[in-house]
Amino acid sequence: MNATVSDYLGWVGVWTGIGETQAGQPTLIRSTFEFAMDGNGLEMHFEAWDPDVNVLFHGVHSVLARAPSGMLRALGFSTIHGPLILELMPDDAGVMALSGDSQTGNRISVTFVEEAPDQLLFTAFWRTPDQPFSSEATPRMTCTLKRGSPWKPGPPANPRDSASA
Amino acid sequence: MIRRFRTWLGTWRGRIEFTDGRSGIMQFKLSSIFSGEAIQVETSFISSEDGRPLNRGWGYLSLDASGQVVNNMYSSELGFAVLKESPDDPGVLSVSGGLSGNEILDVAMSVVGDEFTVSSHRREGYSGHDDRPRTYAVMKRIGLTMPENP
């Protein structure tokens with residue numbers, strides 16, 4: 001059965017984590033999922049920053065939507081790869097596996113896996129057309145993303161705790 | 001990218017005439033993403049009779065290595081396509097590319113003053129000549145006008 005946009009309803013929100021880029025640098029990732037086009041699409045935003053949040057290593061803005069053929073594709077723009085159209089590959093429930101070629105021929109693979117409630121495992125890699133594919137040798141960007149939530153004030157501190165500290 | 005189309009940013013709305021004789025209301029929302037590396041375009045078309053949504057769209061305008069505009073786009077009616085800039089008059093952005101089913105989509109856009117004009121033509125891919133009608137829309141900006149030289 002084909003996946004639908006509403007299969008990812010539970011992912012709507014903000015997700016963050018600290019991981020590693022494909023080049024091996026530590027990176028701070030922020031990703032958001034929002035419903036778009038009156039619920040006919042899923043807007044997806046991705047940012048990978050240096051840990052000081054000064055340099056954007058990679059940014060992707062995209063929307064997942066249904067083609068007239070029934071297949072889901074992600075239309076996007078990447079600060080590294082430029083315009084993109086990636087196919088949603090068949091996979092298990094709770095997995096979004098996107099794959100395709102950039103306009104310059106780079107092969108791109110992006111996967112989100114729902115590992116646990118409020119936790120996604122993000123994996124991505126890309127290779128130039130002249131690089132041979134080797135699933136083991138190809139470096140990947142990986143990061144565990146946790147759902148972000150607004151800060152709320154906790155219960156007031158017990159005055160006796162601070163007196164004894 | 002952003003330098004060329006800065007004055008296009010914003011939300012535009014107006015009447016559209018479809019090729020089958022229907023008419024509706026079209027809205028374009030153009031916003032800058034990643035500090036002007038690309039422009040995101042959200043489109044919606046609704047029936048002028050009952051407000052029913054007719055078509056939704058999404059796209060990105062960006063530049064390729066040669067400085068030409070690439071418009072990767074989605075339309076709930078047409079599907080996905082990559083349109084590339086074709087020569088036209090100064091101030092007019094014309095893009096063209098293949099749709100599934102061996103069809104070609106041509107789109108021409110321009111902004112003059114507070115009017116955004118969009119015209120599109122869907123034609124059969126093998127034939128050099130195709131006299132199917134074009135859609136045509138003139139939209140007005142909603143909100144503040146972007147200054148030419150801030």
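- Across B:Ser62, B:Pro53, B:Ser44, B:Gly79, the residue that shares the most heavy-atom pairs under 4.5 angstrom with chain A is B:Ser62.
- Here A:Tyr8 and A:Phe112 keep their ring centres 6.0 angstrom or further from each other.
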- Should B:Glu103 and B:Arg123 be marked as a salt bridge (Lys or Arg N to Asp or Glu O under 4.0 Å) after you check the CA-CA gap, both sets of side-chain angles, and the distance that decides it? CA-CA 6 Å; B:Glu103 288 191 309; B:Arg123 59 188 163 89; over 6 Å; no

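- With a 4.5 angstrom heavy-atom cutoff, B:Leu63 does not touch chain A via any of its atoms.
- Both the backbone and the side chain of B:Tyr74 come within contact range of chain A, with heavy atoms under 4.5 Å apart.
- Taking the six-membered ring where the residue is Trp, the centroids of B:Trp8 and B:Phe116 are separated by under 6.0 Å.
- Contacts between B:Ser76 and chain A at a heavy-atom distance below 4.5 Å involve the backbone alone (N, CA, C, O).
- Here A:Leu75 is the residue among A:Thr104, A:Leu84, A:Leu75, A:Ile85 with the most heavy-atom pairs under 4.5 Å with chain B.
- For the 3.5 Å distance criterion, the side chains of A:Glu43 and A:His45 fail to qualify, holding no donor opposite an acceptor.
- The closest side-chain donor-acceptor pair between B:Ser23 and B:Arg15 falls under 3.5 angstrom.
- Chain B forms the most heavy-atom pairs under 4.5 Å with one residue out of A:Gly76, A:Gly82, A:Ser62, and that residue is A:Gly76.
- With a threshold of 4.5 angstrom between heavy atoms, B:Gln40 approaches chain A through side-chain atoms but not through N, CA, C or O.
- Under the 30°/60° scheme for interplanar angles, the aromatic rings of B:Phe18 and B:Phe45 are found to be tilted.
- At a 4.5 Å heavy-atom cutoff, B:Ala65 makes no contact with chain A through either its backbone or its side chain.
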